[in-house]
Trainee: 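Can you keep this structure in mind? I'll have questions shortly.
These numbers come from a predicted model, not from an experiment.
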Amino acid sequence: MSNEPITLSAGDAEATVLPGNGGRIGGLRVGGTELLRQGERYGCFPMVPWCGRIRDGRFSDGAVVHQMPLNSPPHAIHGTARDAAWRTARVTADEAVITYDLVDPWPYPGRVTQVVALAEDRLTLSMSVETYESSFPAQIGWHPWFNRTLDGTGVEIAFDPAWQEERGDDHLPTGNRVEPKPGPWDDCFGMPDGVDVTLTWPGLLELKVTSREQWAVVYDEQEAAVCVEPQTGPPNGLNTLPRLVTPLEPLEATTTWSWRRP
């Protein structure tokens, strides 16, 4: 099937899926209000086969060291799939399934499948990475850009992490876990019971970002948007906490954004 834009609808919610632009969610409108920052690099993009930064763009798989392009010098950031065209596998009124085959510069063959499912009060994103050949380390995550202001009302961010990954001067975790600090943030937090972050635009909308995964990067240093990024491991995780994709065991993750209005 083609990689043309897809529009999903459920109740008064509408989501736009852009397979041709990195498999990202281009927009999410609830009652006519756009929740995601607009622009070809914004919306919500999948981070795969890694999340955040890889130190110096290098990761090891056994004795082999692989070099990724330094797209955020001196590091490599956010995977390769957001810069590629995905294919549409299946579409219904409220669900889209899109796929991406891993290619150079990623050194291992594999397939990524993303399912985007819209309901009247939630959007669920599921992703899997599978291989039928060599096993390899990988990560899955999502990078949504939520509008900081809706109809003139600023967002409030609430979450209760167990720890914060100490961030070094190079923006990468040092390996130390520290007490969570007040924002502004561009930091990774640990939530062993699952990601649970609430964004509230008082009087307008409450949106909860949840996932069974244990890590989320929260970024609120930009005037236009805030990001809550559930992921299967911390930044530089291909080196520090790799998850292995094998022919028998894919890597899978899901996040749900659920909302309610007062």
Side-chain angles (χ1 to χ4, degrees), residues 3 19-24 44-89 97-116 125-144 165 170-175 188 190-192 194-195 211-217 229-255:
N3 57 18
N21 183 12
R24 77 187 62 225
C44 171
F45 62 81
M47 297 185 291
V48 64
W50 74 84
C51 304
R53 295 169 177 85
I54 304 175
R55 186 184 307 279
D56 301 323
R58 297 191 190 98
F59 72 95
S60 300
D61 182 13
V64 180
V65 177
H66 297 288
Q67 177 70 58
M68 295 294 100
L70 303 182
N71 57 352
S72 182
H75 307 305
I77 196 169
H78 293 337
T80 58
R82 65 169 180 157
D83 298 316
W86 294 49
R87 295 180 184 177
T88 301
V97 181
I98 60 177
T99 65
Y100 167 66
D101 289 331
L102 295 169
V103 294
D104 284 341
W106 186 252
Y108 302 98
R111 170 162 288 192
V112 184
T113 302
Q114 183 175 206
V115 181
V116 182
L125 304 173
S126 302
M127 196 155 33
S128 65
V129 183
E130 54 191 337
T131 183
Y132 301 104
E133 299 184 34
S134 302
S135 301
F136 57 85
Q139 288 180 295
I140 288 172
W142 288 270
H143 195 304
E165 299 282 348
D170 58 3
H171 274 259
L172 289 170
T174 65
C188 184
M191 305 180 194
V195 172
S211 174
R212 289 175 298 189
E213 302 308 320
Q214 299 183 18
W215 288 269
V217 169
E229 308 162 34
Q231 47 197 67
T232 59
N236 200 37
L238 289 188
N239 288 308
T240 62
L241 200 66
R243 298 278 294 273
L244 202 62
V245 179
T246 76
L248 295 178
E249 188 172 6
L251 177 60
E252 300 173 324
T254 297
T255 183

Trainee: Write down the atom of Q114, the atom of G23, and the distance for their closest heavy-atom approach.
Mentor: NE2-O, 3.0 Å
Trainee: Please report the closest heavy-atom contact between A76 and P69, naming both atoms and the distance.
Mentor: CB-O, 3.2 Å
Trainee: Grab the two heavy atoms, one from Y100 and one from A85, that are nearest each other, plus how far apart they are.
Mentor: CD1-O, 3.9 Å
Trainee: With sequence neighbours excluded, tell me which residues meet salt bridge (charged side-chain N to carboxylate O under 4.0 Å, His left out) with E165.
Mentor: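 Partners of E165 under the salt bridge (charged side-chain N to carboxylate O under 4.0 Å, His left out) test: R177.
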Trainee: Could you state the interatomic distance from CD (Q231) to SG (C51), rounded to the nearest 0.5 Å?
Mentor: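 Rounded to the nearest 0.5 Å, the CD-SG separation comes out at 4.5 Å.
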Trainee: Would you tell me whether T255 and S211 have side-chain atoms, one donor and one acceptor, within less than 3.5 Å of each other?
Mentor: no
Trainee: Kindly say whether R55 contributes a backbone atom to a donor-acceptor pair with the side chain of N236 at under 3.5 angstrom?
Mentor: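 At least one qualifying donor-acceptor pair exists.
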Trainee: I'd like to know if the side chain of H75 and the backbone of G52 have a donor-acceptor N/O pair within less than 3.5 Å.
Mentor: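 Not confirmed, H75 side chain does not pair with G52 backbone.
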Trainee: Is there a donor-acceptor pair under 3.5 Å between the side chain of T246 and the backbone N or O of E249?
Mentor: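 Judged by distance alone, yes, a pair lies under 3.5 Å.
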Trainee: Give, for atom CE of M47 and atom OG1 of T232, the distance between the pair rounded to the nearest 0.5 Å.
Mentor: 9.0 Å
Trainee: Can you pull the side-chain hydrogen bond (donor to acceptor under 3.5 Å, both in side chains) pairs that have at least one residue in residues 57-66, sequence neighbours excluded?
Mentor: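 Output for this query lists R58-Q67, D61-Y108, H66-Y108.
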Trainee: Name all pairs fulfilling the salt bridge (Lys or Arg N to Asp or Glu O under 4.0 Å) condition that reach into residues 232-243, sequence neighbours left out, sorted by first residue then second.
Mentor: E213-R243
Trainee: Looking only at heavy atoms, which two atoms of P107 and F59 are closest? And how far apart?
Mentor: CG-CZ, 4.2 Å
Trainee: Got F45 and N21 here, is their nearest side-chain heavy-atom distance under 4.5 Å?
Mentor: no
Trainee: Test your reading of the model: is there a side-chain donor-acceptor pair from N71 to the backbone of I77, 3.5 Å cut-off?
Mentor: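 Yes; at least one donor-acceptor contact below 3.5 Å.
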Trainee: How close do P49 and L238 get, heavy atom to heavy atom, and via which atoms?
Mentor: O-CD2, 4.1 Å
Trainee: Using the test salt bridge (charged side-chain N to carboxylate O under 4.0 Å, His left out), find all partners of R53 that sit at least two apart in sequence or belong to another chain.
Mentor: none
Trainee: Where do L241 and P234 come nearest, in terms of heavy atoms and distance?
Mentor: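 Distance-wise, the nearest heavy atoms are CD2-CD, 3.9 Å.
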Trainee: Listing request: all salt bridge (Lys or Arg N to Asp or Glu O under 4.0 Å) pairs with a residue in residues 133-143, at least two apart in sequence or in separate chains.
Mentor: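 Qualifying pairs, neighbours excluded: none.
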Trainee: Does P109 offer a backbone N or O that forms a donor-acceptor pair with the side chain of T131 under 3.5 Å?
Mentor: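 Pair found, side chain donor or acceptor close to backbone of P109.
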Trainee: Check salt bridge (charged side-chain N to carboxylate O under 4.0 Å, His left out) between R82 and all other residues, then give those that pass, not counting sequence neighbours.
Mentor: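 Residues passing salt bridge (charged side-chain N to carboxylate O under 4.0 Å, His left out) with R82: none at all.
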Trainee: Would you indicate whether the side-chain heavy atoms of L125 and V115 approach each other to under 4.5 Å?
Mentor: no
Trainee: Do P235 and V217 make a side-chain contact, defined as non-hydrogen atoms from C-beta onward lying under 4.5 Å apart?
Mentor: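 A side-chain contact exists here, since the closest heavy-atom pair is under 4.5 Å.
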Trainee: Between W86 (side chain only) and G22 (backbone N and O only), is there a donor and an acceptor less than 3.5 Å apart?
Mentor: yes
Trainee: By the definition side chain to side chain contact (heavy atoms under 4.5 Å, CB included), identify the one residue from D101, I98, V129 that meets it with V112.
Mentor: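 Considering D101, I98, V129, a side chain to side chain contact (heavy atoms under 4.5 Å, CB included) with V112 is found only for V129.
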Trainee: Would you say W215 and Q139 are linked by a side-chain donor-acceptor pair, where the criterion is simply a distance under 3.5 Å?
Mentor: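 Not at all, the side chains of Q139 and W215 share no donor-acceptor pair under 3.5 Å.
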Trainee: First locate atom CE of M127, then atom CD1 of I140, and finally report the distance between them rounded to the nearest 0.5 Å.
Mentor: 5.0 Å
Trainee: Show your working on side-chain contact (heavy atoms from CB on, under 4.5 Å) between W106 and W50 and close with a plain yes or no.
Mentor: CA-CA 10 Å; W106 186 252; W50 74 84; 3.8 Å; yes
